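Chain identifiers are assigned alphabetically (A, B, ...) following the order of the sequence lines, protein sequences preceding nucleic acid strands; residue numbering begins at 1 within each chain. For clarity, every value in this text was computed on a predicted model and none was experimentally measured.
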2 protein chains.
Amino acid sequence: MPEATVARLPLYLRSLLEAQHANAATISSERLAELAGVNAAKVRKDLSYLGSYGTRGVGYDVEYLLFQMSRELGLTQDWPVAIVGLGNLGQALANYMGFGDRGFPIVALCDADPRVVGTEVHGVVVRHVEDLPVIAAAHGISIGIIATPASAAQDVADRLVAAGVSSILNFAPTVLSVPEEVSIRKVDLAVELQILSFYQQRRSGGPKLPPLDIPVGVED
Amino acid sequence: MPEATVARLPLYLRSLLEAQHANAATISSERLAELAGVNAAKVRKDLSYLGSYGTRGVGYDVEYLLFQMSRELGLTQDWPVAIVGLGNLGQALANYMGFGDRGFPIVALCDADPRVVGTEVHGVVVRHVEDLPVIAAAHGISIGIIATPASAAQDVADRLVAAGVSSILNFAPTVLSVPEEVSIRKVDLAVELQILSFYQQRRSGGPKLPPLDIPVGVED
DNA sequence: CGCCGCTTGTTCACGTGGTCACAAACCCTT
DNA sequence: AAGGGTTTGTGACCACGTGAACAAGCGGCG
Ligand SMILES: NC(=O)c1ccc[n+]([C@@H]2O[C@H](COP(=O)([O-])OP(=O)(O)OC[C@H]3O[C@@H](n4cnc5c(N)ncnc54)[C@H](O)[C@@H]3O)[C@@H](O)[C@H]2O)c1
Ligand SMILES: NC(=O)c1ccc[n+]([C@@H]2O[C@H](COP(=O)([O-])OP(=O)(O)OC[C@H]3O[C@@H](n4cnc5c(N)ncnc54)[C@H](O)[C@@H]3O)[C@@H](O)[C@H]2O)c1
């Protein structure tokens, strides 16, 4: 299945939940596309990777498609999550209710700062990052979230991998190297803002300054 | 310039800053590729969109490339940012130092909850979201961050657009519709976790259950 | 029972992005 | 001054993802 399709499945899932909430029994690819903000043809092609679960002339059965998609995304089981680094961001994540509700219970919190270790966040006691192997094994943790400063991120990633965690979500602005069999995804807010800045300046600044593509043939 | 290239420029920028920090005068595409975690040929092609700023046999002048790239990304000026919604996430973002340092000062905070309005976060007083037009105009805000519940996100987006904001970063798990001339980027943590879950189950669960692509000829 | 409108699933053409490979260009050494 | 080693910039090719179009299939209606 194409990576691009996988990345859209969660959007469809969310849209299906909305449709279900609105008591829709079936949904057309066009409506689903509208809810998910994509092209209808793309929706049909994506869904066809899951199997032929639609009915021509009718659409897709919302309940059934929800079940199939949840199964495909691995959401029929819970995936316990550990958060490492409980600063501003880590605490916000730990306090967020939306994860546990959706099958990603936050069962472990780790930090290296002795002032943070032992405190309680959202009902979970913060443990020392050294204890990761024991904690991970005890809870069957397979997903880890890194919310430490960039300087500590690679070390934390290594510890997570050593503890048997094979999926990592990284908020630190740095490139991590992990074994091939470990999935890694990154969320970098500074990058997002800079991308916005690029297009913003394209629009407003426009070509005020000359392109300045005159080569730097200066030395002579 | 290809969208994919634009999305990588910030990575190169960060890598160049690292190189600069390590007192490197020049840097090769290969080294830069290593730091940014991409292919070297891709680096060269990406950089060639900025102009021919390299020297064959030598590499790229770190300082000069930093300047050119900052200029291209619009980072030679500050872009004041407003955050709307100061719950868990919004407060974490407001307290984060990394944005102001990199040219994205957080100059305004808005919320709708009267218990939050008037409080101070990281030295900035939270204003009511109704006042957005005045606040935005006063500070010249062009970038807005939405950190409200999903149910309020579209309303907030409309308010931001009405206030003249033309770049939006959305943390709420919902699809927003905005005018064509407004850039929008979204960060959805639940989606990221679900993508990880998909590959996790592919690895661990593997094809334990049969593909189950037998059509649902059930009703009879 | 057959026709008609609707929606899916799939095919095809296209555009974008990624990778490879190599000539051109540069520095340094001799 | 010339040659060797190095690295850029780019052209060609390939893979992937996207969007449009359409036949096949389904339900409902007359
Ligand atoms: N806070 C935000 O809004 C925000 C925004 C964008 C990016 N980020 C990134 O997210 C990361 C965390 O940001 P933050 O504001 O929460 O930082 P923070 O400094 O508030 O918190 C970092 C936490 O990590 C802990 N830590 C440090 N080294 C550790 C180690 N080796 N093992 C375990 N824990 C360790 C610290 O004790 C601290 O509790 C940073 O990389 C930052 O760049 C944060
Ligand atoms: N906190 C997290 O770690 C986290 C993780 C993933 C996604 N999110 C998403 O980020 C968003 C914010 O999460 P949170 O945990 O901070 O939520 P929260 O409930 O803690 O805070 C939401 C804030 O938005 C304010 N608000 C509500 N309606 C508003 C309106 N119309 N105008 C202005 N402000 C309004 C509320 O008063 C509140 O202060 C949510 O959409 C959530 O799904 C948060």
Side-chain angles (χ1 to χ4, degrees), chain A residues 1-9 11-12 15-16 19 24-62 64-65 68-69 72 195 198-199 211-220, chain B residues 1-12 15-16 19 24-62 64-65 68-69 72 195 211 213-220:
Chain A
M1 184 177 315
E3 214 172 312
T5 295
V6 174
R8 280 189 296 268
L9 290 186
L11 297 184
Y12 301 147
S15 304
L16 283 171
T26 65
I27 189 170
S28 68
S29 61
E30 194 135 359
R31 176 75 182 128
L32 191 47
E34 191 185 328
L35 290 175
V38 300
N39 185 299
K42 212 183 314 194
V43 170
R44 290 198 295 275
K45 187 172 284 190
D46 286 342
L47 294 186
S48 76
Y49 285 106
L50 304 181
S52 289
Y53 295 143
T55 306
R56 296 168 191 232
V58 178
Y60 301 88
D61 184 286
V62 173
Y64 188 64
L65 190 55
Q68 290 297 341
M69 195 167 289
E72 195 76 17
I195 294 171
F198 174 87
Y199 290 110
L212 195 57
D213 55 1
I214 304 126
V216 222
V218 262
E219 290 85 31
D220 40 304
Chain B
M1 184 178 318
E3 212 171 313
T5 295
V6 174
R8 280 190 294 268
L9 290 186
L11 297 184
Y12 301 146
S15 303
L16 283 171
T26 65
I27 190 170
S28 69
S29 62
E30 194 135 359
R31 176 76 182 126
L32 190 48
E34 191 185 328
L35 290 176
V38 299
N39 185 300
K42 211 184 314 195
V43 169
R44 290 198 294 276
K45 188 165 279 193
D46 286 342
L47 295 186
S48 76
Y49 285 107
L50 305 181
S52 289
Y53 295 142
T55 306
R56 294 167 193 234
V58 177
Y60 301 88
D61 184 286
V62 174
Y64 188 65
L65 190 55
Q68 290 297 342
M69 195 167 289
E72 196 76 19
I195 294 172
D213 53 2
I214 304 124
V216 223
V218 261
E219 290 83 30
D220 40 308

Can you build the contact string for nucleotides 20-25 of chain D? Use B for base contact, S for sugar-phosphate-only contact, and - for no protein heavy atom under 4.0 Å. BB--BB
Solution key, residues 4-12 of chain B side-chain donor-acceptor pairs under 3.5 Å, sequence neighbours excluded:
| residue | atom | partner | partner atom | Å |
| --- | --- | --- | --- | --- |
| B:Thr5 | OG1 | B:Asp46 | OD1 | 2.8 |
| B:Arg8 | NE | B:Asp46 | OD2 | 2.7 |
| B:Arg8 | NH2 | B:Asp46 | OD1 | 3.2 |
| B:Arg8 | NH2 | B:Asp46 | OD2 | 3.3 |
| B:Tyr12 | OH | B:Asp46 | OD2 | 2.6 |

Distance-only donor-acceptor pairs under 3.5 Å for side chains of residues 54-62 of chain A, two or more places apart:
| residue | atom | partner | partner atom | Å |
| --- | --- | --- | --- | --- |
| A:Asp61 | OD1 | A:Glu63 | N | 3.2 |
| A:Asp61 | OD1 | A:Tyr64 | N | 2.9 |

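D:dT10 atom C1' lies 10 Å from atom OH of B:Tyr49, rounded to whole Å. Remark: P of D:dG17 and CE of A:Met1 are 12 Å apart, rounded to the nearest angstrom. For B:Leu50 and D:dT10, the CG to P distance is 12 Å, given to the nearest whole Å.
Residues A:Glu72 and A:Tyr49 are not in side-chain contact: their nearest non-hydrogen atoms beyond the backbone lie 4.5 Å or more apart.
Only B:Ser28, B:Ser29, listed by number, bring a heavy atom of residues 28-36 of chain B to less than 4.0 angstrom from any atom of DNA chain D.
Within the structure, side chain to side chain donor-acceptor pair (under 3.5 Å) contacts touching residues 29-38 of chain B (residues at least two apart or in different chains) are B:Ser29-B:Arg44, B:Arg31-B:Glu34.
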Under 3.5 Å between N/O atoms: give me all the protein pairs with nucleotides 13-15 of chain D, atom names plus distance.
none

Give every pair of a protein N or O atom and an N or O atom of nucleotides 28-30 of chain D that lie under 3.5 Å apart, one pair per line with the distance.
none

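Of the inter-residue distances, the one linking B:Leu47 atom CG with B:Leu32 atom CG reads 6.0 Å to the nearest 0.5 angstrom. Expressed to the nearest 0.5 Å, how far CD of A:Glu3 lies from CD1 of B:Ile195 amounts to 8.5 Å.
Here the range on DNA chain C touched by chain A, meaning any atom under 4.0 Å from one of its heavy atoms, is C:dC6 to C:dC12.
For B:Tyr60 and D:dG9, the shortest distance from a side-chain N or O to OP1 or OP2 is below 4.0 Å.
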